[in-house]
Every structure is written in structure tokens, then in C-alpha cells.
Amino acid sequence: MSSDDHELIGRIFDLGIVELNFETYEELSQFVDCRYVFHCGMSMRSLVRRVESLNLAGDLIWVDPSDWDTGRQAVDRYAWLNVACDVFLMRLISVFDCVLLFANDVFESGLEARQCTVRGLKKRGVRTELIELLEALQDDHEALRYERNSRIHQGWERTHSSCDETFRMAASFERNGQDLRGADSLGKRINSKRYMKEGLVELQRDHNISLRKLGKRLNEIYDLLSPEFEDRFRAKFRDPDAGFGYRTGLVTSE
């Protein structure tokens with residue numbers, strides 16, 4: 001999952017080099033265009049890092065169950081799946097919050113982080129087209145958002161296999177150097193590796209579907225934010241009183 005392919009991301013990264021001209025935020029904030037780029041850059045970089053961190057979740061999910069055959073893994077198979085699921089859900093859903101904060105800075109809505117919601121942005125006059133895309137992004141992952149909230153606030157966890165309780169016990173036995181033998185509740189031979197593959201396949205499916213939706217939706221959102229950012233930045237850059245362009249001679253009144 002790449003988060004920096006869109007021209008808007010590259011544009012803000014490039015403009016961010018202006019920060020090297022200043023030693024303090026107070027100095028930078030004297031220029032309205034520099035201050036605007038700085039704040040947009042801060043929220044944009046947080047968004048980029050969070051999107052790219054989904055690749056870490058992928059690394060946890062695309063793992064070979066045979067790696068546990070040696071008995072040297074730090075956690076058992078079942079615990080690994082739970083941790084991978086936590087990382088995936090938390091980071092996927094938080095991308096939406098990072099997008100809201102980025103839009104808040106681009107549109108200069110002035111919302112505090114806790115108040116930065118789709119409704120809050122709408123009240124501040126953010127374009128209807130963007131509001132609709134933000135609502136669509138939220139809807140794309142609504143089921144996983146519900147699961148994330150249930151895991152965090154209620155301690156609920158998804159099942160990872162066709163016989164989850166047996167898998168949990170077998171993984172614990174294996175971690176302690178023992179084998180749980182016999183048949184599970186479905187009458188099948190207990191097989192921790194098979195159970196783990198079942199859980200991984202489900203997580204891999206959710207990961208792939210979610211990231212395809214996310215990549216498409218982010219590009220649509222960036223397409224709308226890009227002209228808004230450019231219009232606001234250029235107006236500030238050419239501000240004869242507080243624009244970096246005028247103060248440094250890059251823009252003249254002629």
C-alpha cells in the first residue's frame with residue numbers, strides 16, 4: 001500500500017522544505033503561506049505514515065504457519081492472529097480520522113482534533129463533494145469499524161477457525177511443547193497449522209478488500225483536496241503583507 005503516489009502528497013512534501021528557513025515556529029508563522037504548508041504537512045505526514053503502516057499489518061497477516069513448527073515463536077499461533085487483527089483494525093480505521101484532520105487543515109476549518117468529524121467539517125462549509133466522499137470512506141469499512149470498537153471497548157474477539165476453542169487450547173499446548181491430540185468438535189483431527197491457515201485466509205481477505213477500497217477512495221479525496229490546497233496556498237504566497245513570496249522577492253507587484 002503506497003500513500004505518496006498522488007501529486008498532492010508530493011507537492012506538500014516539496015513545499016515543506018521551506019521549514020528549513022526557520023529555527024522556530026514563531027518565525028515561520030509570520031508568513032501565512034508557510035504556516036499553511038506547515039500545518040497541512042503535519043497532518044499529511046501523519047496520514048501517510050498511518051496508511052503505510054497497513055503494510056506492517058500485512059506482514060503480520062502474510063506469515064507462514066510452518067514458522068511455528070520450530071517452537072521458537074514468542075507467542076502462540078492463536079495469540080499471533082489476535083495481535084495481527086488488532087493492528088490491522090486499529091490502523092485501518094484510524095486512517096479515516098487522519099483523513100479528517102488533513103481535510104480540516106487544507107480547508108482551514110479550525111476544528112480541534114476531538115471535534116473533527118464529518119458533521120463538524122460540514123458545518124464549517126467544507127465542499128459537499130468532499131463530505132460525500134468522506135461519508136463513503138466511512139461506510140466502506142463500517143463493519144470493520146464496528147468490530148474494532150467492540151474489540152477495544154467490549155473485549156470482543158472474532159473466531160479464527162472452524163473450531164476456535166480447540167484451536168485456542170491446541171495453540172497453548174503447542175507453546176508449552178506439547179501436542180493436543182484427538183478430534184475437534186467437528187470430528188476432524190486437531191491440526192493447529194490448519195486452524196491458523198483458516199484464520200490467516202480470513203484476515204488476508206479482509207485486508208485485501210479493505211485496502212483496495214481505501215486506495216481508490218483516498219485518490220478521489222486527494223483529487224478534490226488538491227485544487228483547494230493550491231488555491232489557498234497561492235493566495236497566501238502572493239499576499240503582499242504576510243506572504244513568503246513577497247517578503248523574499250519571489251513575487252513582485254509588477
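In this text, all values refer to a predicted model and were calculated from it rather than measured experimentally.
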Legend entry - Point-to-point distance, once rounded to the nearest 0.5 Å, from CD1 of I61 to CG of D206: 8.0 Å

Legend entry - Considering all heavy atoms, the nearest L101-A113 contact: CD2-CA, 3.9 Å

Inset, instruction - Report the residues that fulfil salt bridge (Lys or Arg N to Asp or Glu O under 4.0 Å) with R127, sequence neighbours left out, ordered by chain and then residue number. - result: E129

Legend entry - Side-chain hydrophobic cluster, 4.5 Å single linkage: members besides I17: L20

Inset, instruction - Group every Ile, Leu, Val, Met, Phe, Trp and Tyr by side-chain heavy-atom contacts under 4.5 Å, then state whether V118 and L224 land in the same group. - result: yes

Legend entry - Sequence-distant partners of D139, side chain to side chain contact (heavy atoms under 4.5 Å, CB included), two or more places apart: none

Inset, instruction - List in chain and number order the residues that pass ring pair (Phe, Tyr, Trp, His ring centres under 6.0 Å) with Y36, two or more places apart in sequence or in another chain; answer none if no residue qualifies. - result: F229

Inset, instruction - Write out all pairs satisfying salt bridge (charged side-chain N to carboxylate O under 4.0 Å, His left out) with one or both partners inside residues 74-89, taking only residues at least two apart or from two chains. - result: D69-R77, R77-E174, D86-R151

Legend entry - Side-chain touch R217/H141, heavy atoms, less than 4.5 angstrom: no

Legend entry - Option from D239, N21, V37 for which side-chain contact (heavy atoms from CB on, under 4.5 Å) with F244 holds: N21

Inset, instruction - Kindly work out whether a path of hydrophobic side-chain contacts (I/L/V/M/F/W/Y, heavy atoms less than 4.5 Å apart) joins L89 to V75. - result: yes

Inset, instruction - Over all heavy atoms of both residues, which pair between A84 and L203 is shortest? Give the atoms and the distance, please. - result: CB-CD1, 4.4 Å

Legend entry - N-O pairing of E198 and K188 below 4.0 Å: no

Inset, instruction - Evaluate the side-chain proximity of R124 to F107: yes if any heavy-atom separation is below 4.5 Å, no if none is. - result: no

Inset, instruction - Check ring pair (Phe, Tyr, Trp, His ring centres under 6.0 Å) between H39 and all other residues, then give those that pass, not counting sequence neighbours. - result: Y25

Legend entry - Closest non-hydrogen atom pair between L121 and A103, with its separation: CD1-CB, 4.3 Å

Legend entry - Which residues share a ring pair (Phe, Tyr, Trp, His ring centres under 6.0 Å) with F22, sequence neighbours left out: F31

Inset, instruction - Count the heavy atoms of every other residue, nucleotide or ligand shown that sit under 6.0 Å from CD of E112, and state whether that count exceeds 12. - result: no

Legend entry - Main-chain N/O of C40 paired to S43 side chain as donor or acceptor, under 3.5 Å: yes

Inset, instruction - Check whether any side-chain heavy atom of L134 lies under 4.5 Å from a side-chain heavy atom of V99, and answer yes or no. - result: yes

Inset, instruction - Can you measure from CZ (R119) to CD1 (I131) and round to the nearest 0.5 angstrom? - result: 11.5 Å

Inset, instruction - Kindly give the heavy-atom pair with the smallest separation between C34 and V18, and that separation in Å. - result: SG-CG2, 3.7 Å

Legend entry - N/O donor-acceptor pair under 3.5 Å between W68 side chain and R175 backbone: no

Inset, instruction - To the nearest 0.5 angstrom, please state how far the CG atom of L100 sits from the CG atom of D105. - result: 11.5 Å

Inset, instruction - Looking only at non-hydrogen atoms, find the nearest pair between C116 and N104 and report the distance. - result: SG-CB, 3.6 Å

Inset, instruction - Flag yes if more than 12 heavy atoms outside E23 fall under 6.0 Å of its CD atom; otherwise flag no. - result: no

Inset, instruction - Any chance you could measure S150, atom OG, to L144, atom CG, to the nearest 0.5 Å? - result: 11.5 Å

Inset, instruction - State, to 0.1 Å, how close G120 and L111 come at their nearest heavy-atom pair, and which atoms those are. - result: C-CD1, 3.6 Å

Legend entry - Partner residues of D164 under the side chain to side chain contact (heavy atoms under 4.5 Å, CB included) criterion, sequence neighbours left out: Y78, T159, H160, S161, F167, R168

Legend entry - Neighbour count >12 (heavy atoms, 6.0 Å) for atom CE, M90: yes

Legend entry - I12 with I9, same ILVMFWY side-chain cluster at under 4.5 Å: yes

Inset, instruction - Ignoring hydrogens and angles, tell me if any N or O in the side chain of R50 forms a donor-acceptor pair with the backbone of I93 under 3.5 Å. - result: no

Inset, instruction - Report yes if some heavy atom in the side chain of E147 is under 4.5 Å from a heavy atom in the side chain of C85; otherwise report no. - result: yes

Inset, instruction - Working to the nearest 0.5 Å, report the span between CG of D231 and OG of S226. - result: 9.5 Å

Legend entry - Same apolar cluster: V83 and F88, side chain cutoff 4.5 Å: yes

Inset, instruction - Go through the steps for F102 and L8 under the test side chain to side chain contact (heavy atoms under 4.5 Å, CB included), then give the verdict. - result: CA-CA 12 Å; F102 183 39; L8 174 61; 4.0 Å; yes

Inset, instruction - Kindly write out the residues that satisfy salt bridge (Lys or Arg N to Asp or Glu O under 4.0 Å) with E157, not counting sequence neighbours, or none if the list is empty. - result: none

Legend entry - By side chain to side chain contact (heavy atoms under 4.5 Å, CB included) - contacts of D59 (at least two apart): none

Legend entry - Within-4.5 Å side-chain heavy-atom neighbours: L15 and F233: yes

Inset, instruction - Give the cluster check for L92 versus W62: same hydrophobic cluster or not, with ILVMFWY residues linked at side-chain heavy-atom distances below 4.5 Å. - result: yes

Inset, instruction - Please round to the nearest 0.5 Å and tell me the distance separating atom CZ of R145 and atom CD of Q138. - result: 4.5 Å

Legend entry - S66 backbone acceptor or donor facing D64 side chain under 3.5 Å: yes

Legend entry - Those residues that, when tested against K216, pass salt bridge (Lys or Arg N to Asp or Glu O under 4.0 Å) (two or more places apart): E220

Legend entry - Heavy-atom side-chain contact between L54 and L214 under 4.5 Å: yes

Inset, instruction - Please test Y222 against E7 for side chain to side chain contact (heavy atoms under 4.5 Å, CB included), starting from the C-alpha separation and ending with a verdict. - result: CA-CA 9 Å; Y222 292 156; E7 61 181 11; over 6 Å; no

Legend entry - S162 side chain near L186 side chain, heavy-atom distance below 4.5 Å: yes

Inset, instruction - With the side chain counted from C-beta on, respond yes when E52 and L56 share a heavy-atom pair under 4.5 Å apart, and no when they do not. - result: no

Inset, instruction - Determine, for K122 against E135, whether the closest basic-nitrogen to carboxylate-oxygen distance falls under 4.0 angstrom. - result: no

Legend entry - W156: partners by ring pair (Phe, Tyr, Trp, His ring centres under 6.0 Å), with sequence neighbours left out: none

